[in-house]
Amino acid sequence: MTIELPTTYSSKDTEKKWYKTWESGNYFKPKKGKTNKAYCIIVPPPNVTGKLHAGHALDITTQDSLIRFKRMKGYETLFLPGLDHAGIATQSVVEKMVWEEEKKNRRDFSREEFVKKIWAWKEQYGNTILDQQKAMGASCDWDYLTFTLDPIPNQAVKKIFVDLYNQKLIYQSDYIVHWDPSLQSAVSEAEVEHKDVQGNFFHLKYQIKGSTETLEVATTRPETLFGDTAVAVNPEDERYKHLIGKIAIIPLCNREVPIIGDEHVDLEKGTGCLKVTPGHDFNDFEIGKRHKLPIINILNIDGTLNDHGMEFKGMSCKEARKKVAKKLEELEILIETKSHTHPVGHGERSGVVIEPMISKQWFVNVKEMSARAVTAVEKNETRFFPKEWENTYFSWLRDPKDWCISRQLWWGHQIPVFYCDDCGHQWASEQTDSECKKCKSKKIHQDPDVLDTWFSSGLWPMSTLGWPNEKAMNEKKFETFFPNSVLITGFDIIFFWVARMMMMSLQTQNQVPFKDVYIHAIVRDKLGRKMSKSLGNGIDPFDMIEQYGTDAFRFSLASGAGYNRTINLDPERIGGYRNFINKIWNAYRFIQPHLASGSAHIADLHKLDHHERWIVSELNTTSKSMNESFEIYRYDDACSAVYSFVYDKYCSWFIELSKNILNTENHEAKAQRVSVLKFVFRKILALLHPITPFITEELWANLKETNEDLLIAQDYPEYDSAFEFQDDQDQMNKFIEVITNIRNLRASVNIKPKDEVSVELFTDNQDLINYFRKNIINFQELARVKDLKVGNKELNRPNKSIMNITTHTEIFVPLEGVIDLNEQISRLEKELSKTVTDYKKYEAKINNENFMKNAPENVREEVRVNEAEIREKINSLKENLIQFKS
RNA sequence: GGGCGUUUAGCUCAGCUGGGAGAGCGCUACCCUUACAAGGUAGAUGUCGGGGGUUCGAACCCCUCAACGCCCACCA
């Protein structure tokens, strides 16, 4: 009984169906497999700020392919999903939304009210993200779904905070931080982006107390002079050396400040004379520390000038800069203004200019942790793929700066530090304490700040598996899945995230969090540009799934994922792979009507005929190469191996070669061929399943035995030496070459595809002669050949004919009608000259004593074989040219 | 300024420890051949960025120049 199948595969109908079947059948749950080993990948939790983009789709594709591969290999696999609260990013988008909808900002609400709004946002967008991941086919165990603000991650955050606090590795300090005036929070230096900005160099004249001399100071920020507490010169600078120790008078505010000597000052830059603003410049802050200078904060938290700014109070820095410069000009203190391009820090999230500002913040001393994180990678406890990314990792960790972990936000893990309002005692606690540990006062309050998002993300490999809650750790099988097998992510967060996880895992577990790190490429548009909202060149995974199907989309992403650092994704390419998916569908349509007459297994390998040995041998090679490629994260190689096997071997040749057998009445041969077709196709589905899970599962349902499980639970094909038939592969390649040559000859004289031709083959290889004679029917099928004659080169060649010559066989197509002799001759001469050029390379090598002396034997052997073959071909060409011309 | 990377067919990219230049898409010609026109058959296209060196032999190793990209640092 055969069912009419449509000629195109419809992804829409099948995808939802299978995802549901897998999920409800608990196929995503970890189960002990035949290897008795565990394999775990944790999804880098997407931010709940919005929808998934193409980069996330690549994340899921690479991870899920690996998980499915390992699951089929018999590992106990866990693919663990999650979501990240993404403190700053999420709070900003909600603030923006509230402003647009209600024209209110967050301070118009209580903290509790506002956080409630963010939770509502999280519910909505978090769920969209999960739906998208499911649409991508992610085989996650959703019972493990964790959000960074869930109770256990919160417990983890508190635990490590309190530990580090008690070890004095977390400390509070007045420090100059990157202040984001729009967020009104400190941000970490990693969240600051430097952009070149067109500004000015203002040269100012400073009076020196008790002297008629003046100093010329160059600055890009005259408005900060209200915070100046020194003027610095290089101690080696002959121009200013004598002034060190004297007092300079700052214009406008007339503050008297010391002139100091400091190495930091560059003799070449500006005027060689630097105004020192320890409260609003990172270098100046360091200078200030060295010289114990007072610090003056001239800014409010919104970035406007405070009382120190005198008449400029309340203005933004930008505005004040103009006004101050104008005033200085009027007072003839401004000597000159030079235009100057210089980098200025901008908030990665908010986009506004970051102001260096002094404030009290929490820091982690990462000196020791980062050293351990370096050692672990040096010792290969964690391996990077591709290895070059180690450099990026090292460069960050070898010169670590203390990590500012406090943020003046409302959305996040609140810092577990408490203050007593009565006795001033400060302590850290994992519990929500209600009284002072020291004086028992009930008047206490918790630090209002929250922790940097990466502080909780850094604990992700542990907290998602239940740490530090013992009961949860047992339930989630911490011991089995930690350390994770591989972390897959983009290079942009090696610093932010990978390094932090390494540090925190070594700190809390005394071992690395994952054995491998695979760094995948950044997805860009087809022109190589970053995908961004402003360019409107983003690729929405949902659109691609809708248009081409998930399998095609996954295959495109996987085929672009190797050791490269960018993938320029062109939707047309996805279309190309959609066609490939459809090809598989149609291969099934071809074998489907015959399935009943064969079995799914090969009963006796020895009974296989030549073409059957060839295809199983090719299959074997493909399995080997796919296994190897997956193990080292070469998805691109895995894809091209399976693509060319399915397309170029199975469909183009094996199916074509099977048609005549399927049409014969030879039931035994037919049954065997059907079995091989089925056997190989089943393996193809298994090979492809990790990359294209949906269509393969759909077709498997039609091919499987009734007692067999779903494809997702089948074994992954492996290399097996019993299936290797090298001789058949060699012979088949020659056959393909001859067929192609016949087709080429036909096309060269415009013989209609339907018309039959006679062909005569000449070769001195007796095995080939026998082989060609046995395959007469296939010449008929594949090249419309009638009257195939095969003989050795002693025989006379046909008179009127067109011909091609390979290294092993001369191919003649005798023609009845008129042949353009000159055209044939010129074609042969062209071929001859090309072959001679080729030959000379080998001849030169053989005549080169040094080559024969130095090259390895296998290379010499190859050259000898090629030389002989090509010499043979040249002889054939020459002889036949003589015949043609006579 | 420091570091990393890229440069191979019209486009997007592979090319492993050096040993006869590849794939997909696109393009051209001819075909609606009973799995597939989302298809078939055949075909064209490359000073492997430039220059130098090492080697019997270089797309690959070394030096150098050029163009482009990314990361880090830096508000005088």
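What you see is a predicted model, and the numbers here were worked out from it, not measured in a lab. Here is how names work: the chains are called A, B, and so on, in the same order as the sequence lines, proteins then strands, and each is numbered from 1.
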Quiz item: Between the side chains of A:S559 and A:D636, is a donor N or O closer than 3.5 angstrom to an acceptor N or O?
Solution: no
Practice problem: Take nucleotides 29-36 of chain B nucleotide by nucleotide from the 5' end and write B, S or -, depending on whether a protein heavy atom sits under 4.0 Å from the base, only from the sugar-phosphate, or from neither. | Solution: --S-S-BB
Exercise. Please work out if A:D281 contacts a base, only the sugar-phosphate, or nothing of the nucleic acid, heavy-atom cut-off 4.0 Å.
Key: sugar-phosphate
Quiz prompt | d(NZ, A:K853; C1', B:G19) in whole Å | solution = 18 Å
Quiz prompt | Separation of atom CZ in A:F555 from atom C1' in B:G24, rounded to whole Å | solution = 10 Å
Quiz item: Checking side chain to side chain contact (heavy atoms under 4.5 Å, CB included) for the pair A:I691/A:F630: CA distance, chi angles, key distance, verdict?
Solution: CA-CA 11 Å; A:I691 306 168; A:F630 273 131; 3.9 Å; yes
Practice problem: May I ask you to say what A:A218 touches in the nucleic acid, namely base, sugar-phosphate or nothing, with a heavy-atom cut-off under 4.0 Å? | Solution: sugar-phosphate
Quiz item: Looking at B:G43, B:G20, B:C75, which one has an atom nearest to any side-chain atom of A:T220?
Solution: B:C75
Quiz prompt | Whole-Å P distance, B:U6 and B:C60 | solution = 13 Å
Quiz prompt | Separation of the P atoms in B:G69 and B:C25, to the nearest angstrom | solution = 30 Å
Practice problem: Under 4.0 Å between any heavy atoms, over every strand shown, what does A:R634 touch: base, sugar-phosphate, or nothing? Just pick one. | Solution: sugar-phosphate
Quiz prompt | Nucleotide forming a Watson-Crick or wobble pair with B:G18, both distances under 3.5 Å | solution = none
Practice problem: For A:R221, report the nucleic acid contact type (base, sugar-phosphate, nothing); a contact means any heavy atom under 4.0 Å. | Solution: base
Exercise. May I have the distance from A:F202 (atom CZ) to B:C75 (atom P), rounded to whole angstrom?
Key: 17 Å
Quiz item: Taking CD1 from A:I176 and P from B:C75, how many angstroms apart are they, rounded to a whole number?
Solution: 10 Å
Exercise. Pick base, sugar-phosphate or nothing for A:V217, based on heavy-atom distances below 4.0 Å to the nucleic acid.
Key: nothing
Practice problem: Take the angle between the ring planes of A:W389 and A:F491 and call it parallel below 30°, perpendicular above 60°, tilted in between. | Solution: parallel
Quiz prompt | Span that lies between the C1' atom of B:A23 and that of B:C61, in whole angstrom | solution = 26 Å
Exercise. Output yes when A:K840 and A:E843 qualify as a salt bridge under the 4.0 Å nitrogen-oxygen rule, no when they do not.
Key: no
Quiz item: Across all strands shown, which nucleotide pairs with B:U12 by Watson-Crick or G-U wobble geometry, both distances under 3.5 Å?
Solution: B:A23
Quiz item: When all nucleic acid strands are considered with a 4.0 Å heavy-atom cut-off, which category describes A:N858: base, sugar-phosphate, or nothing?
Solution: nothing
Self-check item: A:Y563 OH - B:U6 P separation (whole Å)
Solution: 15 Å
Exercise. Kindly check if the number of other-residue, nucleotide or ligand heavy atoms within 6.0 Å of CD (A:E849) is above 12?
Key: no
Quiz item: When rounded to the nearest Å, what value does the distance between P atoms of B:G22 and B:G46 take?
Solution: 13 Å
Practice problem: Round to the nearest Å and state the distance from A:I522 atom CD1 to B:C13 atom P. | Solution: 14 Å
Quiz prompt | Of the listed nucleotides B:C56, B:C75, B:G20, the one nearest the side chain of A:E355 | solution = B:C75
Quiz item: B:U47 and B:U41: how far apart are their P atoms, nearest whole angstrom?
Solution: 29 Å
Practice problem: Measure from CD1 on A:I567 to P on B:G5 and round the result to the nearest Å. | Solution: 19 Å
Self-check item: Closest nucleotide among B:C56, B:C74, B:C25 to the A:N283 side chain
Solution: B:C74
Quiz prompt | Partner nucleotide, any strand, of B:G39 [Watson-Crick/G-U, under 3.5 Å] | solution = B:C31
Quiz item: With sugar-phosphate meaning primed atoms plus P, OP1 and OP2, does A:T740 contact a base, only sugar-phosphate, or nothing at under 4.0 Å between heavy atoms?
Solution: sugar-phosphate
Quiz prompt | A:R743 side-chain N/O to B:A42 phosphate OP1/OP2 under 4.0 Å | solution = yes
Quiz item: Among all residues two or more places apart in sequence or in another chain, which pass the side-chain contact (heavy atoms from CB on, under 4.5 Å) test with A:D755?
Solution: A:I751, A:K752
Exercise. Please report, rounded to the nearest Å, how far the P atom of B:C75 is from the CD atom of A:E223.
Key: 14 Å
Quiz item: Quick check, are the ring centers of A:F779 and A:F735 under 6.0 angstrom apart?
Solution: yes
Quiz prompt | Of the listed nucleotides B:A38, B:A14, B:G24, the one nearest the side chain of A:Y643 | solution = B:G24
Practice problem: Would you mind classifying the nucleic acid contact of A:L225 as base, sugar-phosphate or nothing, using non-hydrogen atoms under 4.0 angstrom? | Solution: nothing
Quiz item: Touch check for A:D636, heavy atoms < 4.0 angstrom, all strands: base, sugar-phosphate only, or nothing?
Solution: nothing
Quiz item: Are any of the side-chain nitrogens in A:R864 or A:E867 under 4.0 Å away from the carboxylate oxygens of its partner?
Solution: no
Quiz item: Do the ring planes of A:F384 and A:Y393 sit parallel (below 30°), tilted (30 to 60°) or perpendicular (above 60°)?
Solution: tilted
Quiz prompt | Donor + acceptor pair across side chains of A:S658, A:R673 (<3.5 Å) | solution = yes
Quiz item: Could one point to a donor on the side chain of A:Y842 or the base of B:G20 with an acceptor on the other under 3.5 Å away?
Solution: yes
